[in-house]
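All remarks here apply to the structure that follows.
Order of the sequence lines sets the chain letters (A, B, ...), proteins ahead of strands, with each chain counted from 1.
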2 protein chains.
Amino acid sequence: MEPLAEKKKAILESTLELVKENGFHGTPMSMVAKEAGVAAGTIYHYFDSKERLICELYSYVKQRTIDALQAGDNEDLPYQDRFFAIWMSLYTFYIKNPNVLRFFEQFVNSPYNTNKVEVRHDEFHSLLYLFFEKGIEQGHLRPVNPEILGVLAHGSIITTAKVYGRGKIQMGDVELKQIARILWDGMSVR
Amino acid sequence: MEPLAEKKKAILESTLELVKENGFHGTPMSMVAKEAGVAAGTIYHYFDSKERLICELYSYVKQRTIDALQAGDNEDLPYQDRFFAIWMSLYTFYIKNPNVLRFFEQFVNSPYNTNKVEVRHDEFHSLLYLFFEKGIEQGHLRPVNPEILGVLAHGSIITTAKVYGRGKIQMGDVELKQIARILWDGMSVR
DNA sequence: TACTTCCAATTGAATGTTCATTCGGTCGGC
DNA sequence: GCCGACCGAATGAACATTCAATTGGAAGTA
(Lines give C-alpha, C1' and ligand atoms only; values in the text may rest on other atoms or scores of the structure.)
Protein backbone atom coordinates (compact mmCIF):
# COMPACT_ATOMS: atom_id res chain seq x y z
CA MET A 1 0.00 0.00 0.00
CA GLU A 2 2.26 2.76 -1.18
CA PRO A 3 0.09 5.71 -2.09
CA LEU A 4 -3.24 4.93 -0.49
CA ALA A 5 -4.79 1.50 0.03
CA GLU A 6 -7.24 0.86 -2.77
CA LYS A 7 -10.13 0.46 -0.38
CA LYS A 8 -9.27 3.58 1.50
CA LYS A 9 -9.20 5.55 -1.70
CA ALA A 10 -12.49 4.05 -2.80
CA ILE A 11 -14.04 5.10 0.49
CA LEU A 12 -12.77 8.65 0.11
CA GLU A 13 -13.94 8.96 -3.48
CA SER A 14 -17.33 7.49 -2.68
CA THR A 15 -17.81 9.88 0.19
CA LEU A 16 -16.87 12.81 -2.01
CA GLU A 17 -19.42 11.80 -4.61
CA LEU A 18 -22.20 11.07 -2.14
CA VAL A 19 -21.68 14.21 -0.14
CA LYS A 20 -21.99 16.23 -3.31
CA GLU A 21 -25.40 14.72 -3.94
CA ASN A 22 -26.79 14.30 -0.45
CA GLY A 23 -24.83 16.50 1.88
CA PHE A 24 -23.16 15.35 5.08
CA HIS A 25 -26.46 14.36 6.51
CA GLY A 26 -28.12 12.21 3.93
CA THR A 27 -24.87 10.34 3.58
CA PRO A 28 -24.90 7.49 6.08
CA MET A 29 -21.84 5.34 6.50
CA SER A 30 -23.81 2.39 5.19
CA MET A 31 -24.30 4.24 1.92
CA VAL A 32 -20.64 5.08 1.68
CA ALA A 33 -19.85 1.44 2.29
CA LYS A 34 -22.16 0.24 -0.44
CA GLU A 35 -20.91 2.78 -2.96
CA ALA A 36 -17.30 1.92 -2.18
CA GLY A 37 -17.99 -1.78 -2.35
CA VAL A 38 -16.84 -2.53 1.18
CA ALA A 39 -18.49 -3.52 4.42
CA ALA A 40 -19.51 -0.88 6.90
CA GLY A 41 -17.00 -2.17 9.39
CA THR A 42 -14.16 -1.78 6.91
CA ILE A 43 -14.54 1.96 6.92
CA TYR A 44 -13.69 1.89 10.61
CA HIS A 45 -10.55 0.00 9.82
CA TYR A 46 -9.29 3.09 8.01
CA PHE A 47 -11.05 5.90 9.83
CA ASP A 48 -11.81 6.26 13.51
CA SER A 49 -15.14 7.91 12.93
CA LYS A 50 -17.26 9.67 10.39
CA GLU A 51 -15.79 12.94 11.48
CA ARG A 52 -12.25 11.77 10.83
CA LEU A 53 -13.33 10.46 7.46
CA ILE A 54 -14.72 13.84 6.51
CA CYS A 55 -11.64 15.65 7.77
CA GLU A 56 -9.26 13.36 5.96
CA LEU A 57 -11.30 13.76 2.83
CA TYR A 58 -10.85 17.47 3.22
CA SER A 59 -7.07 17.17 3.32
CA TYR A 60 -7.11 14.73 0.44
CA VAL A 61 -9.15 17.01 -1.76
CA LYS A 62 -7.30 20.11 -0.75
CA GLN A 63 -4.07 18.57 -1.90
CA ARG A 64 -5.60 17.96 -5.30
CA THR A 65 -6.51 21.61 -5.46
CA ILE A 66 -2.98 22.61 -4.60
CA ASP A 67 -1.71 20.34 -7.35
CA ALA A 68 -4.04 22.01 -9.82
CA LEU A 69 -2.83 25.42 -8.73
CA GLN A 70 0.82 24.49 -9.15
CA ALA A 71 0.27 22.68 -12.41
CA GLY A 72 -1.22 25.82 -13.92
CA ASP A 73 1.54 28.06 -12.69
CA ASN A 74 4.75 28.86 -14.48
CA GLU A 75 7.16 31.19 -12.77
CA ASP A 76 8.86 32.06 -16.02
CA LEU A 77 5.81 33.77 -17.47
CA PRO A 78 5.37 37.53 -17.23
CA TYR A 79 3.49 38.37 -14.09
CA GLN A 80 0.21 39.29 -15.72
CA ASP A 81 0.21 36.12 -17.78
CA ARG A 82 0.84 34.12 -14.64
CA PHE A 83 -2.15 35.72 -13.03
CA PHE A 84 -4.44 34.75 -15.86
CA ALA A 85 -2.96 31.28 -16.10
CA ILE A 86 -3.51 30.61 -12.43
CA TRP A 87 -7.01 32.03 -12.52
CA MET A 88 -7.96 29.84 -15.44
CA SER A 89 -6.38 26.65 -14.19
CA LEU A 90 -8.09 26.86 -10.82
CA TYR A 91 -11.37 27.70 -12.49
CA THR A 92 -10.97 24.75 -14.84
CA PHE A 93 -10.17 22.47 -11.94
CA TYR A 94 -13.34 23.46 -10.11
CA ILE A 95 -15.66 23.07 -13.05
CA LYS A 96 -14.14 19.73 -13.92
CA ASN A 97 -14.48 18.60 -10.31
CA PRO A 98 -17.81 19.96 -9.17
CA ASN A 99 -17.93 17.46 -6.34
CA VAL A 100 -14.75 19.01 -4.93
CA LEU A 101 -16.21 22.49 -5.08
CA ARG A 102 -19.43 21.38 -3.49
CA PHE A 103 -17.64 19.46 -0.78
CA PHE A 104 -15.45 22.42 0.10
CA GLU A 105 -18.40 24.72 0.36
CA GLN A 106 -20.18 22.34 2.65
CA PHE A 107 -17.15 21.55 4.74
CA VAL A 108 -16.10 25.13 5.31
CA ASN A 109 -19.50 25.99 6.72
CA SER A 110 -19.92 22.91 8.85
CA PRO A 111 -19.11 22.08 12.44
CA TYR A 112 -16.46 19.62 11.23
CA ASN A 113 -14.41 22.62 10.25
CA THR A 114 -13.97 23.86 13.80
CA ASN A 115 -11.29 21.27 14.36
CA LYS A 116 -8.18 23.05 13.31
CA VAL A 117 -7.03 19.97 11.47
CA GLU A 118 -5.58 22.14 8.75
CA VAL A 119 -4.47 25.43 10.17
CA ARG A 120 -0.96 24.08 10.66
CA HIS A 121 0.73 25.11 7.43
CA ASP A 122 -1.87 25.87 4.82
CA GLU A 123 0.07 25.44 1.62
CA PHE A 124 -2.69 26.66 -0.65
CA HIS A 125 -2.93 29.84 1.31
CA SER A 126 0.82 30.30 1.31
CA LEU A 127 1.12 29.87 -2.42
CA LEU A 128 -1.45 32.53 -3.08
CA TYR A 129 0.10 34.81 -0.52
CA LEU A 130 3.54 34.57 -2.02
CA PHE A 131 2.22 35.11 -5.50
CA PHE A 132 0.40 38.30 -4.62
CA GLU A 133 3.15 39.54 -2.37
CA LYS A 134 5.57 39.25 -5.24
CA GLY A 135 3.18 41.14 -7.51
CA ILE A 136 3.15 44.02 -5.11
CA GLU A 137 6.92 44.01 -4.64
CA GLN A 138 7.48 44.08 -8.37
CA GLY A 139 5.08 46.93 -8.78
CA HIS A 140 2.45 45.09 -10.74
CA LEU A 141 -0.21 45.18 -8.05
CA ARG A 142 -1.57 47.79 -5.73
CA PRO A 143 -0.21 47.79 -2.21
CA VAL A 144 -3.06 45.91 -0.56
CA ASN A 145 -2.63 43.18 2.01
CA PRO A 146 -1.66 40.14 -0.11
CA GLU A 147 -3.92 37.93 1.97
CA ILE A 148 -6.88 40.02 0.95
CA LEU A 149 -5.90 39.94 -2.70
CA GLY A 150 -5.56 36.18 -2.51
CA VAL A 151 -8.93 35.66 -0.90
CA LEU A 152 -10.59 38.04 -3.33
CA ALA A 153 -9.13 36.39 -6.38
CA HIS A 154 -9.93 32.92 -5.14
CA GLY A 155 -13.40 34.07 -4.23
CA SER A 156 -13.99 35.28 -7.75
CA ILE A 157 -12.92 31.91 -9.11
CA ILE A 158 -15.21 30.02 -6.78
CA THR A 159 -18.10 32.34 -7.49
CA THR A 160 -17.63 32.00 -11.22
CA ALA A 161 -17.38 28.23 -11.03
CA LYS A 162 -20.57 28.08 -9.00
CA VAL A 163 -22.36 30.26 -11.53
CA TYR A 164 -21.19 27.94 -14.27
CA GLY A 165 -22.38 24.93 -12.32
CA ARG A 166 -25.80 26.46 -11.84
CA GLY A 167 -26.06 26.57 -15.62
CA LYS A 168 -28.38 29.55 -15.83
CA ILE A 169 -25.84 31.96 -17.24
CA GLN A 170 -23.90 31.59 -20.44
CA MET A 171 -20.23 31.22 -19.52
CA GLY A 172 -18.01 31.01 -22.55
CA ASP A 173 -14.40 32.03 -23.07
CA VAL A 174 -15.46 35.60 -23.60
CA GLU A 175 -17.18 35.85 -20.24
CA LEU A 176 -14.31 34.16 -18.41
CA LYS A 177 -11.78 36.56 -19.86
CA GLN A 178 -14.01 39.46 -18.92
CA ILE A 179 -14.24 38.29 -15.34
CA ALA A 180 -10.55 37.60 -14.90
CA ARG A 181 -9.82 40.95 -16.48
CA ILE A 182 -12.10 42.75 -14.06
CA LEU A 183 -10.08 41.29 -11.24
CA TRP A 184 -6.77 42.05 -12.83
CA ASP A 185 -7.66 45.60 -13.77
CA GLY A 186 -8.97 46.22 -10.28
CA MET A 187 -5.94 44.83 -8.50
CA SER A 188 -3.18 46.03 -10.78
CA VAL A 189 -1.48 49.39 -10.85
CA ARG A 190 -2.73 51.05 -13.97
CA MET B 1 -51.04 37.81 15.49
CA GLU B 2 -50.52 40.31 12.75
CA PRO B 3 -46.91 40.11 11.65
CA LEU B 4 -45.80 36.68 12.75
CA ALA B 5 -47.06 34.81 15.77
CA GLU B 6 -44.60 35.40 18.59
CA LYS B 7 -43.90 31.72 18.96
CA LYS B 8 -43.38 31.25 15.27
CA LYS B 9 -40.89 34.04 15.20
CA ALA B 10 -39.12 32.66 18.26
CA ILE B 11 -38.83 29.32 16.53
CA LEU B 12 -37.34 30.88 13.41
CA GLU B 13 -34.87 32.98 15.37
CA SER B 14 -33.82 30.08 17.52
CA THR B 15 -33.26 27.91 14.51
CA LEU B 16 -31.16 30.60 12.88
CA GLU B 17 -28.99 30.90 15.95
CA LEU B 18 -28.60 27.18 16.51
CA VAL B 19 -27.86 26.39 12.89
CA LYS B 20 -25.10 28.95 12.96
CA GLU B 21 -23.46 27.13 15.84
CA ASN B 22 -24.26 23.51 15.10
CA GLY B 23 -25.20 23.22 11.47
CA PHE B 24 -28.37 21.61 10.15
CA HIS B 25 -27.33 18.31 11.61
CA GLY B 26 -26.46 18.99 15.20
CA THR B 27 -29.65 21.00 15.48
CA PRO B 28 -32.42 18.62 16.53
CA MET B 29 -35.96 19.88 16.73
CA SER B 30 -35.90 19.28 20.47
CA MET B 31 -33.07 21.76 20.79
CA VAL B 32 -34.91 24.34 18.72
CA ALA B 33 -37.92 23.82 20.96
CA LYS B 34 -35.95 24.35 24.13
CA GLU B 35 -34.18 27.44 22.81
CA ALA B 36 -37.45 28.91 21.62
CA GLY B 37 -39.17 28.11 24.90
CA VAL B 38 -41.88 25.96 23.38
CA ALA B 39 -42.71 22.28 23.31
CA ALA B 40 -41.49 20.12 20.49
CA GLY B 41 -45.00 19.57 19.28
CA THR B 42 -45.62 23.28 18.94
CA ILE B 43 -43.10 23.56 16.17
CA TYR B 44 -45.27 21.22 14.14
CA HIS B 45 -48.20 23.49 14.67
CA TYR B 46 -46.39 26.11 12.60
CA PHE B 47 -44.26 24.02 10.28
CA ASP B 48 -45.09 20.74 8.59
CA SER B 49 -41.59 19.41 8.96
CA LYS B 50 -38.02 20.32 9.65
CA GLU B 51 -37.47 20.82 5.96
CA ARG B 52 -40.29 23.33 5.73
CA LEU B 53 -38.94 25.12 8.78
CA ILE B 54 -35.56 25.48 7.15
CA CYS B 55 -37.04 26.64 3.88
CA GLU B 56 -39.28 29.19 5.52
CA LEU B 57 -36.34 30.42 7.53
CA TYR B 58 -34.53 30.93 4.27
CA SER B 59 -37.30 33.13 2.89
CA TYR B 60 -37.53 34.99 6.16
CA VAL B 61 -33.85 35.76 6.26
CA LYS B 62 -33.61 36.56 2.58
CA GLN B 63 -36.23 39.23 2.99
CA ARG B 64 -34.15 40.83 5.70
CA THR B 65 -31.21 40.91 3.32
CA ILE B 66 -33.33 42.56 0.65
CA ASP B 67 -34.41 45.15 3.18
CA ALA B 68 -30.79 45.87 4.03
CA LEU B 69 -29.93 46.24 0.37
CA GLN B 70 -32.74 48.69 -0.24
CA ALA B 71 -32.13 50.63 2.93
CA GLY B 72 -28.57 51.29 1.84
CA ASP B 73 -29.52 52.37 -1.64
CA ASN B 74 -30.40 55.86 -2.73
CA GLU B 75 -31.27 56.36 -6.37
CA ASP B 76 -30.49 60.04 -6.21
CA LEU B 77 -26.81 59.52 -5.55
CA PRO B 78 -24.30 59.61 -8.41
CA TYR B 79 -23.84 56.10 -9.78
CA GLN B 80 -20.40 55.46 -8.33
CA ASP B 81 -21.50 56.62 -4.90
CA ARG B 82 -24.48 54.30 -5.11
CA PHE B 83 -22.16 51.43 -5.87
CA PHE B 84 -20.05 52.06 -2.80
CA ALA B 85 -23.10 52.67 -0.63
CA ILE B 86 -24.69 49.40 -1.64
CA TRP B 87 -21.45 47.53 -1.21
CA MET B 88 -20.95 48.89 2.26
CA SER B 89 -24.49 48.43 3.48
CA LEU B 90 -24.64 44.81 2.43
CA TYR B 91 -21.24 44.20 3.94
CA THR B 92 -22.33 45.85 7.15
CA PHE B 93 -25.50 43.78 7.23
CA TYR B 94 -23.54 40.55 6.92
CA ILE B 95 -21.01 41.33 9.59
CA LYS B 96 -23.73 42.46 11.95
CA ASN B 97 -25.70 39.31 11.26
CA PRO B 98 -23.12 36.56 11.06
CA ASN B 99 -25.77 33.97 11.71
CA VAL B 100 -27.54 35.05 8.52
CA LEU B 101 -24.37 34.75 6.50
CA ARG B 102 -23.58 31.37 7.96
CA PHE B 103 -27.09 30.11 7.43
CA PHE B 104 -27.10 31.18 3.79
CA GLU B 105 -23.83 29.50 3.10
CA GLN B 106 -25.06 26.29 4.62
CA PHE B 107 -28.44 26.42 2.97
CA VAL B 108 -27.20 27.13 -0.51
CA ASN B 109 -24.99 24.08 -0.45
CA SER B 110 -27.48 21.75 1.11
CA PRO B 111 -30.04 19.34 -0.28
CA TYR B 112 -32.80 21.56 1.11
CA ASN B 113 -31.93 24.01 -1.60
CA THR B 114 -32.94 21.70 -4.45
CA ASN B 115 -36.55 22.57 -3.78
CA LYS B 116 -37.07 25.57 -5.94
CA VAL B 117 -38.95 27.25 -3.14
CA GLU B 118 -37.50 30.56 -4.14
CA VAL B 119 -36.82 30.66 -7.82
CA ARG B 120 -40.20 32.27 -8.47
CA HIS B 121 -39.27 35.93 -8.49
CA ASP B 122 -35.97 36.43 -6.81
CA GLU B 123 -36.16 40.04 -5.78
CA PHE B 124 -32.63 40.27 -4.50
CA HIS B 125 -31.31 39.05 -7.78
CA SER B 126 -33.54 41.43 -9.73
CA LEU B 127 -32.44 44.42 -7.75
CA LEU B 128 -28.79 43.73 -8.41
CA TYR B 129 -29.48 43.02 -12.06
CA LEU B 130 -31.29 46.28 -12.58
CA PHE B 131 -28.62 48.23 -10.79
CA PHE B 132 -25.79 46.88 -12.93
CA GLU B 133 -27.81 47.01 -16.11
CA LYS B 134 -28.38 50.70 -15.54
CA GLY B 135 -24.68 51.21 -14.91
CA ILE B 136 -23.88 49.75 -18.28
CA GLU B 137 -26.58 51.72 -20.06
CA GLN B 138 -25.35 54.96 -18.57
CA GLY B 139 -21.82 54.20 -19.61
CA HIS B 140 -20.37 53.82 -16.13
CA LEU B 141 -19.68 50.11 -16.35
CA ARG B 142 -18.12 47.83 -18.93
CA PRO B 143 -20.53 45.96 -21.16
CA VAL B 144 -20.47 42.67 -19.29
CA ASN B 145 -23.54 40.57 -18.58
CA PRO B 146 -25.17 42.36 -15.62
CA GLU B 147 -25.92 39.06 -13.96
CA ILE B 148 -22.23 38.32 -13.87
CA LEU B 149 -21.41 41.72 -12.46
CA GLY B 150 -24.04 41.24 -9.81
CA VAL B 151 -22.80 37.86 -8.75
CA LEU B 152 -19.20 39.05 -8.73
CA ALA B 153 -19.93 42.08 -6.62
CA HIS B 154 -22.07 40.14 -4.19
CA GLY B 155 -19.42 37.43 -4.06
CA SER B 156 -16.80 39.97 -3.08
CA ILE B 157 -19.02 41.20 -0.27
CA ILE B 158 -19.65 37.72 1.04
CA THR B 159 -16.00 36.82 0.80
CA THR B 160 -14.96 39.94 2.64
CA ALA B 161 -17.54 39.42 5.36
CA LYS B 162 -16.37 35.86 5.85
CA VAL B 163 -12.78 37.02 6.12
CA TYR B 164 -13.83 39.52 8.72
CA GLY B 165 -15.73 36.85 10.61
CA ARG B 166 -12.72 34.59 10.66
CA GLY B 167 -10.90 37.35 12.47
CA LYS B 168 -7.43 36.51 11.24
CA ILE B 169 -7.02 39.49 8.98
CA GLN B 170 -7.20 43.11 9.97
CA MET B 171 -10.24 44.64 8.27
CA GLY B 172 -10.57 48.32 8.96
CA ASP B 173 -12.11 51.10 6.91
CA VAL B 174 -8.98 51.36 4.85
CA GLU B 175 -9.10 47.74 3.77
CA LEU B 176 -12.80 47.85 3.00
CA LYS B 177 -12.40 50.89 0.78
CA GLN B 178 -9.51 49.17 -0.97
CA ILE B 179 -11.59 46.11 -1.69
CA ALA B 180 -14.65 47.95 -2.90
CA ARG B 181 -12.40 50.08 -5.07
CA ILE B 182 -10.78 47.05 -6.64
CA LEU B 183 -14.22 45.92 -7.69
CA TRP B 184 -15.26 49.31 -8.92
CA ASP B 185 -12.06 49.97 -10.85
CA GLY B 186 -12.30 46.55 -12.45
CA MET B 187 -15.91 46.87 -13.48
CA SER B 188 -16.03 50.49 -14.49
CA VAL B 189 -15.04 52.05 -17.76
CA ARG B 190 -11.83 53.89 -17.09
C1' DT C 1 -73.09 38.89 34.72
C1' DA C 2 -72.72 33.83 34.90
C1' DC C 3 -72.49 29.86 32.54
C1' DT C 4 -71.47 26.95 28.65
C1' DT C 5 -69.36 25.66 24.15
C1' DC C 6 -65.92 25.34 21.17
C1' DC C 7 -61.57 25.41 19.12
C1' DA C 8 -56.98 26.85 18.30
C1' DA C 9 -52.77 26.79 20.72
C1' DT C 10 -49.88 24.09 23.35
C1' DT C 11 -47.85 20.31 25.75
C1' DG C 12 -44.44 16.41 26.24
C1' DA C 13 -44.34 11.47 26.52
C1' DA C 14 -44.38 7.74 23.23
C1' DT C 15 -43.29 5.84 18.65
C1' DG C 16 -40.71 4.12 14.99
C1' DT C 17 -36.85 4.93 12.22
C1' DT C 18 -32.41 5.94 10.96
C1' DC C 19 -27.95 5.85 11.75
C1' DA C 20 -22.86 5.54 13.72
C1' DT C 21 -20.34 2.37 15.75
C1' DT C 22 -19.05 -2.27 17.68
C1' DC C 23 -17.49 -6.88 17.70
C1' DG C 24 -17.22 -11.78 17.09
C1' DG C 25 -15.88 -14.18 13.37
C1' DT C 26 -14.04 -15.39 8.43
C1' DC C 27 -10.46 -15.45 5.08
C1' DG C 28 -5.97 -15.59 2.82
C1' DG C 29 -1.19 -15.00 2.80
C1' DC C 30 3.13 -15.78 5.21
C1' DG D 1 -1.10 -21.31 13.06
C1' DC D 2 -0.51 -16.18 13.26
C1' DC D 3 -2.14 -11.72 11.83
C1' DG D 4 -3.99 -8.03 9.50
C1' DA D 5 -7.73 -6.99 6.31
C1' DC D 6 -12.38 -7.46 5.96
C1' DC D 7 -17.19 -8.65 6.79
C1' DG D 8 -22.07 -7.62 8.22
C1' DA D 9 -25.48 -8.54 11.74
C1' DA D 10 -26.42 -6.56 16.21
C1' DT D 11 -26.54 -2.65 19.45
C1' DG D 12 -27.89 1.47 21.35
C1' DA D 13 -28.46 6.29 20.92
C1' DA D 14 -30.40 10.19 18.66
C1' DC D 15 -33.93 12.08 16.31
C1' DA D 16 -38.20 13.64 13.59
C1' DT D 17 -42.72 13.21 14.06
C1' DT D 18 -47.27 11.91 16.21
C1' DC D 19 -51.09 12.30 19.20
C1' DA D 20 -54.06 12.12 23.20
C1' DA D 21 -54.70 15.28 26.64
C1' DT D 22 -54.85 20.15 28.68
C1' DT D 23 -55.48 25.04 28.61
C1' DG D 24 -57.48 29.49 27.96
C1' DG D 25 -59.93 32.69 25.78
C1' DA D 26 -63.54 34.17 22.44
C1' DA D 27 -68.21 33.86 21.24
C1' DG D 28 -72.77 32.45 22.22
C1' DT D 29 -76.76 32.24 25.39
C1' DA D 30 -80.14 33.59 28.71
Side-chain angles (χ1 to χ4, degrees), chain A residues 1-60 103 106-107 110-115 117, chain B residues 1-60 103 106-107 110-115 117:
Chain A
M1 59 186 83
E2 310 82 35
L4 215 45
E6 276 313 303
K7 303 252 165 143
K8 183 168 183 179
K9 189 167 182 180
I11 292 167
L12 288 170
E13 295 288 351
S14 300
T15 306
L16 183 59
E17 182 62 23
L18 290 170
V19 165
K20 175 187 100 188
E21 281 162 17
N22 313 311
F24 290 134
H25 38 305
T27 305
M29 296 296 259
S30 57
M31 197 185 285
V32 172
K34 191 199 274 187
E35 175 90 5
V38 304
T42 303
I43 298 178
Y44 288 86
H45 180 69
Y46 293 104
F47 307 94
D48 287 351
S49 65
K50 186 173 184 178
E51 168 158 1
R52 276 277 225 303
L53 165 59
I54 299 289
C55 290
E56 277 203 40
L57 178 54
Y58 177 68
S59 302
Y60 172 73
F103 175 79
Q106 290 203 42
F107 182 84
S110 83
Y112 294 123
N113 191 29
T114 61
N115 313 15
V117 184
Chain B
M1 59 188 82
E2 309 81 35
L4 214 47
E6 276 312 304
K7 302 251 165 141
K8 184 169 183 178
K9 189 167 182 179
I11 292 166
L12 286 170
E13 295 288 352
S14 301
T15 306
L16 185 59
E17 182 63 22
L18 290 170
V19 164
K20 175 187 101 187
E21 281 162 15
N22 313 311
F24 290 134
H25 37 306
T27 304
M29 295 296 257
S30 57
M31 197 185 284
V32 171
K34 191 198 276 184
E35 175 89 5
V38 304
T42 303
I43 298 178
Y44 288 87
H45 180 71
Y46 294 103
F47 306 93
D48 288 352
S49 64
K50 186 173 184 178
E51 169 158 2
R52 275 275 226 303
L53 166 59
I54 299 289
C55 290
E56 277 202 43
L57 178 53
Y58 177 68
S59 302
Y60 173 73
F103 175 79
Q106 290 202 42
F107 183 83
S110 82
Y112 293 122
N113 191 30
T114 62
N115 314 15
V117 184

- Nucleotide D/dA16, atom C1' - distance to CG of B/Leu18 in whole Å: 16 Å

- Would you mind reading off the distance between B/Ile54 atom CD1 and D/dA16 atom C1', rounded to a whole angstrom? 12 Å

- For residues 12-25 of chain A, the salt bridge (charged side-chain N to carboxylate O under 4.0 Å, His left out) pairs (sequence neighbours left out) are A/Glu13-A/Arg64, A/Glu17-A/Lys20

- For the pair made of CZ in A/Phe47 and P in D/dC6, what is the distance, rounded to whole Å? 12 Å

- Item | Polar side-chain atom of A/Gln106 near backbone of B/Ser110 as donor-acceptor pair, under 3.5 Å | no

- Query: Got A/Phe103 and A/Ile54 here, is their nearest side-chain heavy-atom distance under 4.5 Å?
  - Reply: yes

- Note on the structure: Quick tally for nucleotides 11-30 of chain C: nucleotides whose base has a protein heavy atom under 4.0 Å get B, sugar-phosphate-only ones S, the rest -, giving BB------SSBB--------

- Item | Set of residues satisfying side-chain contact (heavy atoms from CB on, under 4.5 Å) with respect to B/Ala10, sequence neighbours excluded | B/Ala36

- Item | Side-chain N,O (A/Tyr46) to OP1/OP2 (D/dC6) below 4.0 Å | yes

- side-chain contact (heavy atoms from CB on, under 4.5 Å) assessment of B/Leu53 paired with B/Asp48: CA-CA 8 Å; B/Leu53 166 59; B/Asp48 288 352; over 6 Å; no

- Parallel, tilted or perpendicular: ring planes of A/Tyr112 versus A/Phe107, cut at 30 and 60 degrees: parallel

